**Q** 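I'd like to ask you about the structure that follows.
Just so we're clear, the structure is a prediction, and the values are computed from it rather than from any experiment.
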Amino acid sequence: MSATTSIAELPTRVGDTVRVAGWLFNQRSKGKIAFLQLRDGTARVQAVAVRGECGEAAFDVLADLKMEASVAVTGVVQEDNRAPSGVELSVRDLEVLQNPSTDYPIAKKEHGVDFLLEHRHLWLRSPRQEAVLRVRGGVARALRRFFDDRDFVLVDTPILTGAIGESGSSLFTLPYFDLGNAYLAQTGQLYLEAACAAFGNVYNFGPTFRAEKSKTRRHLTEFWMLEAEMAFVDGDGNLDVQEQMICSVVQDLLATHAGELHALGRDLAPLEAVQPPFPRLSYTEAVDMLRGLGSDIEWGRDLGADDETLLSSQFDRPVFVRNYPREVKPFYMKANADDPRTVVCADLLAPEGYGEIIGGSQREDDYRLLQARIAGDGLPEDAYRWYLQLREYGSVVHSGFGIGLERTVAWLTGTHHVREAIPFPRTLSRIYP
């Protein structure tokens with residue numbers, strides 16, 4: 001194919017004749033003039049075809065083009081202050097690469113969510129979905145940059161695992177040759193703790209799986225999580241890093257993706273308010289506050305989605321809830337010396353009702369206490385022999401956390417449901433496409 005110019009480059013090519021390859025997402029005609037809306041994955045532009053200026057054969061074929069036809073347009077880049085990009089393309093010639101034989105399934109009319117999810121492979125082409133997923137890419141880059149700039153070592157942890165990291169009730173189980181059952185990873189944390197003892201500060205970033213039979217707007221069965229683990233860092237230091245990370249990501253996003261946020265209609269004021277310090281409530285203080293706000297929560301219960309929404313609505317920035325009861329948290333969390341009923345952990349709740357986006361804790365570094373907790377939770381010690389061994393050779397205070405990418409993107413973009421924050425969502429009722 002002849003050399004092409006991306007639509008994103010067009011503002012730098014005013015006056016030039018260029019060839020643009022892309023897809024037709026809208027078209028209207030007015031006598032001898034046709035207005036073509038084109039996209040190529042980098043940006044969108046209007047191309048104007050005028051009979052007499054455009055080749056006759058090219059102009060005549062326009063009437064037969066269907067939405068999402070792929071075309072190559074040759075034209076002159078002209079300045080247009082009315083256009084969002086500041087330019088439009090004056091068509092001189094057009095080549096049809098492929099013209100659909102039937103009408104595009106996703107019309108301009110309203111479609112139900114089930115229909116759109118059934119056509120997710122096509123729904124990705126819509127401006128809103130494009131903006132959300134571009135923000136997702138920006139958030140992923142900002143997270144990686146934060147840790148890379150601080151010399152954290154990237155460690156890819158296994159997706160197939162023989163050890164349970166969270167609740168056994170939320171495991172995807174599959175047979176593994178002659179070795180019994182394996183599980184799809186709920187977390188890479190246990191393996192990061194091993195890497196932490198080798199490299200000091202480490203992180204991973206990849207898919208994780210939870211077989212939770214939940215239909216809420218905050219849950220997916222497959223989602224992406226970045227996890228970090230830090231040697232010689234206690235619970236307070238753990239929260240400091242999380243706070244710095246969130247502020248860094250939000251500032252990065254405002255600087256690089258304001259256009260997408262504007263296209264989504266996102267109010268930027270709540271994001272601009274994300275500044276340190278974040279409030280840090282104990283679980284007990286959170287329960288007392290919730291009861292004062294009308295919740296019926298009792299001490300000892302985990303916070304539900306409604307509790308998190310009610311609590312976070314009292315603040316204009318993310319809020320930490322610390323030191324949950326040990327019965328509602330996993331076995332690896334450090335017992336709280338100030339209150340043995342609780343563990344040294346924290347969840348970070350996003351404002352505006354988006355709930356928990358980070359969960360983290362100081363890890364139990366005492367061999368005997370960890371061994372007792374594994375036994376108390378009815379877990380097979382043999383499966384955790386290697387994990388316990390980390391406490392035999394140079395055990396130190398260490399902490400870590402995991403941040404869910406989809407929930408974070410949903411909050412930052414103002415998207416109601418996390419299913420729009422991932423290209424192909426996997427839920428309790430959907431594994432297609």
Side-chain angles (χ1 to χ4, degrees), residues 117 120-121 123-124 128-148 152-161 164-167 170-172 183-192 195 202-212 214-229 241-242 245-246 248-250 252-253 256-257 260 264 318 330 347-350 354-360 400-428 430-433:
L117 288 174
R120 182 62 172 170
H121 51 295
W123 191 22
L124 293 178
R128 175 178 173 80
Q129 301 309 309
E130 179 184 340
V132 171
L133 294 178
R134 285 189 182 279
V135 170
R136 176 192 171 98
V139 172
R141 284 191 297 274
L143 285 168
R144 289 184 183 277
R145 188 180 303 118
F146 177 85
F147 291 100
D148 291 343
F152 278 64
V153 177
L154 174 64
V155 175
D156 297 318
T157 55
I159 289 175
L160 287 172
T161 175
I164 299 170
E166 302 290 335
S167 167
S170 63
L171 282 169
F172 283 107
Y183 311 102
L184 293 182
Q186 300 166 311
T187 173
Q189 176 211 312
L190 306 187
Y191 299 97
L192 279 185
V202 295
Y203 78 99
N204 70 1
F205 200 179
T208 51
F209 306 86
R210 303 284 169 89
E212 294 174 314
S214 175
K215 297 181 180 179
T216 78
R217 67 186 181 92
R218 298 177 181 175
H219 285 87
L220 296 165
T221 57
E222 176 186 329
F223 61 96
W224 281 64
M225 182 161 61
L226 183 146
E227 298 175 279
E229 203 71 28
V241 173
Q242 294 174 46
M245 177 191 68
I246 291 294
S248 175
V249 168
V250 171
D252 190 297
L253 192 66
T256 60
H257 286 73
E260 284 84 0
L264 292 166
D347 289 345
L348 183 65
L349 309 183
Y354 282 90
E356 177 196 343
I357 57 172
I358 299 179
F401 61 88
I403 176 170
L405 180 59
E406 287 77 19
R407 286 190 185 180
T408 302
V409 170
W411 161 50
L412 294 174
T413 58
T415 300
H416 178 72
H417 203 297
V418 293
R419 64 189 166 213
E420 291 187 54
I422 189 169
F424 295 96
R426 297 293 179 247
T427 65
L428 180 60
R430 182 165 297 282
I431 199 169
Y432 175 93

**Q** I need the Leu428 CG to Lys215 NZ distance, nearest 0.5 Å.
**A**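 The distance works out to 6.0 Å.
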
**Q** Contact between Phe146 and Asp252 at the side-chain level, heavy atoms closer than 4.5 Å - yes or no?
**A**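 Answer no - side chains too far apart.
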
**Q** Counting only heavy atoms not in Leu154, do more than 12 fall under 6.0 Å of its CG?
**A**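 Atom CG in Leu154 is crowded, with more than 12 foreign heavy atoms closer than 6.0 Å.
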
**Q** Taking Glu227 for the side chain and Gly188 for the main chain, is one N or O donor matched with an acceptor at less than 3.5 Å?
**A**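 Checked: pair present.
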
**Q** Without swapping roles, check the side chain of Arg419 against the backbone of Pro425 for a donor-acceptor pair under 3.5 Å.
**A**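 It does not hold such a pair.
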
**Q** Please round to the nearest 0.5 Å and tell me the distance separating atom CG of Asp347 and atom CD1 of Ile358.
**A**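 Spacing of CG (Asp347) from CD1 (Ile358) equals 9.5 Å.
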
**Q** Test side-chain contact (heavy atoms from CB on, under 4.5 Å) on Leu226 and Leu405; report intermediate values, then the result.
**A** CA-CA 7 Å; Leu226 183 146; Leu405 180 59; over 6 Å; no

**Q** Mind checking whether Gln186 and Thr208 have side chains closer than 4.5 Å, heavy atoms only?
**A**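 When only atoms from C-beta onward are counted, Thr208 and Gln186 do not touch, as no gap falls below 4.5 Å.
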
**Q** To the nearest 0.5 Å, tell me how far Thr408 OG1 sits from Met245 CE.
**A**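 Interatomic distance, Thr408 OG1 to Met245 CE, rounded to 0.5 Å: 7.0 Å.
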
**Q** Kindly indicate whether the side chain of Leu184, heavy atoms from C-beta on, has any atom under 4.5 Å from the side chain of Leu171.
**A**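 No, every pair of side-chain atoms sits at 4.5 Å or beyond.
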
**Q** Between the main-chain N or O of Val132 and the side-chain N or O of Glu260, is there a donor-acceptor pair closer than 3.5 Å?
**A**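 Not a single qualifying donor-acceptor pair exists.
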
**Q** Once rounded to the nearest 0.5 Å, what's the spacing between atom CD of Gln129 and atom CZ of Arg134?
**A**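 Output value for this atom pair is 13.0 Å.
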
**Q** Return the minimal non-hydrogen interatomic distance between Glu420 and Leu133, and the atom names on each side.
**A**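 In this case the closest contact between Glu420 and Leu133 is O-CD2, 4.1 Å.
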
**Q** Using side-chain heavy atoms (C-beta onward) and a distance below 4.5 Å, is Val418 in contact with His219?
**A**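 They are not in contact (no side-chain heavy atoms under 4.5 Å apart), so the answer is no.
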
**Q** Less than 4.5 Å apart, side chain to side chain, heavy atoms only: is that true for Arg136 and Pro423?
**A**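 Touching, per the 4.5 Å side-chain cut-off.
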
**Q** What are the two closest non-hydrogen atoms of Val155 and Asn204, and how far apart are they?
**A**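 Taking Val155 first and Asn204 second, the nearest heavy atoms are O-CB, 3.0 Å.
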
**Q** State, to 0.1 Å, how close Met225 and Gly404 come at their nearest heavy-atom pair, and which atoms those are.
**A**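 Met225 and Gly404 have their closest heavy atoms at CG-N, 4.4 Å.
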
**Q** List the residues meeting salt bridge (Lys or Arg N to Asp or Glu O under 4.0 Å) with Glu212, not counting sequence neighbours, and say none if there are none.
**A**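 None.
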
**Q** Under the rule for side chain to side chain donor-acceptor pair (under 3.5 Å), what residues qualify as partners of Arg218, not counting sequence neighbours?
**A**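 Expected list: Glu308, Thr309.
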
**Q** Do Val409 and Thr415 have side chains that get closer than 4.5 Å, going by heavy atoms?
**A**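 Result no, sub-4.5 Å side-chain heavy-atom pair not found.
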
**Q** Where does the angle between the aromatic ring planes of Phe152 and Phe147 fall among parallel (under 30°), tilted (30 to 60°) and perpendicular (over 60°)?
**A**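 Geometry flag for Phe147 against Phe152: perpendicular rings.
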
**Q** Does Thr161 have any side-chain contact (heavy atoms from CB on, under 4.5 Å) partners at least two apart in sequence or in another chain, and if so, which?
**A**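 For Thr161 the side-chain contact (heavy atoms from CB on, under 4.5 Å) partners, ignoring immediate neighbours, are Ala163, Tyr183, Ala185, Tyr191.
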
**Q** As an exercise, state the distance from CD1 of Ile246 to CD1 of Ile357, rounded to the nearest 0.5 Å.
**A**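 Here the interatomic distance stands at 4.0 Å.
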
**Q** How many angstroms lie between CG in Leu143 and CZ in Phe205, if you round to the nearest 0.5 Å?
**A**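 So the gap between those two atoms works out to 5.5 Å.
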
**Q** If we ignore hydrogens and angles and just use 3.5 Å, is the side chain of Arg426 paired with the main-chain N or O of Thr221 as donor and acceptor?
**A**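 Such a contact is absent between Arg426 side chain and Thr221 backbone.
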
**Q** Under 4.5 Å between any side-chain heavy atoms of Glu222 and Phe172, yes or no?
**A**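 Answer no - side chains too far apart.
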
**Q** Could you tell me whether a side-chain N or O of Arg407 sits under 3.5 Å from a main-chain N or O of Tyr354, the two making a donor and an acceptor?
**A**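 Checking the backbone N and O of Tyr354 against the side chain of Arg407, no donor-acceptor pair under 3.5 Å is found.
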
